[in-house]
Amino acid sequence: MADAPAPSAPSRPLVGVLWMLASGLSFVGVTGIVRYLGTDLPAAQSAFLRFAFGVVFLLPSLLPLIGRGFAPGAMRLFTLRGVVHTAAVVAWFYAMARIPVAEVTAIGYLNPVLVTLGAALFFGEKLALRRIMAVVVAILGALIVLRPGVREVTDGHMAQVAAAFFFAGSYLFAKRLSQMESAGTVVAMMSLFVTLGLLPFAIWVWVPVSPAQLGWLALVAAFATSGHYCMTRAFTAAPLTVTQPVTFLQLVWATLLGALAFGEAVDPFVLLGGAVIIAAVSYITWREASLKRRAITPAVGETKV
């Protein structure tokens, strides 16, 4: 897996936008298939099979990494990240099988906002007033999506909120690991450790799996791999300030998928709340770029399964 390009790489905004569009469509494919599979398989088992297929895809790069060894302290961080990311993917699979695709996508936009807060809390990174206001706006966007007190907030909604927190924690571990190992190593080891972390839970709830279900979950892994690859290419081609706003289209695709494939009603409040969150995330990204500081907020999708 390729590392990030040198900062001197030329910017190609249109190419970056197209790669980000492809990334968004790939991740919508992931959510659509998991939604289609529904609750026939337990969340832990579905997540395990998805990551197991991912490890198979990454095996050619994993074996040389393990043989080479790692920086001092990296293995402990890999383990901790594996624990946090395991919790995140179980919560995400649970939510995806129970609430509309668009709502899962909209709530998932909270990930970069929570990373911003976590970086300030754990890494001591500066949280200026304008960024605090952007975080508050993003939280208001999440409340627009959930609308507690106005409608029922189900266990599926709470699972997706929990997933957002766990994914944010996973990214913070990845941020620290990126100072010790290459990006390819960090991603590959995450896949391995999450697969190992999910294994006991999957065995505990294991139910028979049909060949068709295995095929669909292999396709989930392929779509997820494609999504991360396209996202990496987008970051290579253009700055985050160009590619970040494009991620809102993923909510549009998810809404269309839910309506056309699963008969889910189009909820204007979900679209509005998602737009508010992504506007706040885009503002944070723009501020980071304009101040020429190292970005601490990941692009939407960077913590996806």
Side-chain angles (χ1 to χ4, degrees), residues 1 16-41 43 45-58 85 88-109 111 156 159-160 163-164 167 187 190-191 194-195 198 209-235 243-264 266 270-271 274 278 298-305:
M1 299 180 66
V17 166
L18 292 175
W19 277 116
M20 189 57 77
L21 283 172
S23 175
L25 289 171
S26 295
F27 285 125
V28 169
V30 170
T31 57
I33 294 172
V34 174
R35 177 65 172 166
Y36 169 74
L37 292 174
T39 58
D40 291 341
L41 293 177
Q45 184 179 351
S46 296
F48 167 75
L49 290 170
R50 172 265 179 266
F51 272 89
F53 280 118
V55 168
V56 171
F57 294 157
L58 291 169
H85 206 92
V89 297
V90 170
W92 184 88
F93 270 81
Y94 184 90
M96 190 64 254
R98 288 164 175 80
I99 63 176
V101 177
E103 295 188 22
V104 171
T105 303
I107 297 171
Y109 284 146
N111 293 343
Q160 180 60 2
F167 277 130
V187 173
M190 182 270 290
S191 296
V194 172
T195 302
L198 288 168
V209 187
S210 69
Q213 289 171 323
L214 285 174
W216 281 117
L217 288 169
L219 191 57
V220 167
F223 270 127
T225 301
S226 171
H228 285 292
Y229 173 78
C230 292
M231 188 187 305
T232 302
R233 293 298 300 267
F235 296 160
T243 59
Q244 185 85 322
V246 181
T247 58
F248 178 68
L249 288 175
Q250 186 175 334
L251 180 57
V252 177
W253 312 142
T255 301
L256 290 174
L257 176 68
L260 298 176
F262 306 113
E264 297 171 354
V266 177
V270 173
L271 293 175
I278 197 62
V300 173
E302 204 164 327
T303 49
K304 287 184 176 292
V305 298

Without swapping roles, check the side chain of [X] against the backbone of [Y] for a donor-acceptor pair under 3.5 Å.
| X | Y | result |
| --- | --- | --- |
| Ser23 | Trp19 | no |
| Thr195 | Ser191 | yes |
| Thr31 | Val28 | yes |
| Tyr109 | Thr247 | yes |

message: Please enumerate all residues that pass side-chain contact (heavy atoms from CB on, under 4.5 Å) together with Leu37, with sequence neighbours excluded.
response: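 Leu37: side-chain contact (heavy atoms from CB on, under 4.5 Å) contacts with Ile33, Gln213, Trp216, Leu217.
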
Tell me the closest heavy-atom pair linking [X] and [Y], and the distance in Å.
| X | Y | value |
| --- | --- | --- |
| Val90 | Ala43 | O-CB, 3.8 Å |
| Trp92 | Val34 | CZ3-CG2, 3.9 Å |
| Met231 | Met20 | CG-CE, 4.2 Å |
| Val101 | Ala254 | CG1-CB, 3.6 Å |
| Gly32 | Leu257 | CA-CD2, 3.4 Å |
| Ala164 | Ile107 | CB-O, 4.3 Å |

To the closest 0.5 Å, what do you measure between [atom1] ([X]) and [atom2] ([Y])?
| X | Y | atom1 | atom2 | answer |
| --- | --- | --- | --- | --- |
| Leu25 | Leu21 | CG | CG | 6.5 Å |
| Leu198 | Arg50 | CG | CZ | 10.0 Å |
| Glu103 | Arg98 | CD | CZ | 14.5 Å |
| Cys230 | Phe27 | SG | CZ | 8.5 Å |
| Leu219 | Tyr36 | CG | OH | 12.0 Å |
| Phe93 | Leu41 | CZ | CG | 10.0 Å |

query: Applying salt bridge (charged side-chain N to carboxylate O under 4.0 Å, His left out), which residue pairs with at least one partner in residues 248-262 are found, sequence neighbours left out?
result: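 Checked against salt bridge (charged side-chain N to carboxylate O under 4.0 Å, His left out) - neighbours excluded - no pair reaches residues 248-262.
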
- request: Begin with the C-alpha distance, continue with both residues' side-chain angles, and end with the deciding distance and a verdict on side chain to side chain contact (heavy atoms under 4.5 Å, CB included) for Leu271 and Val266.
  value: CA-CA 8 Å; Leu271 293 175; Val266 177; 4.1 Å; yes

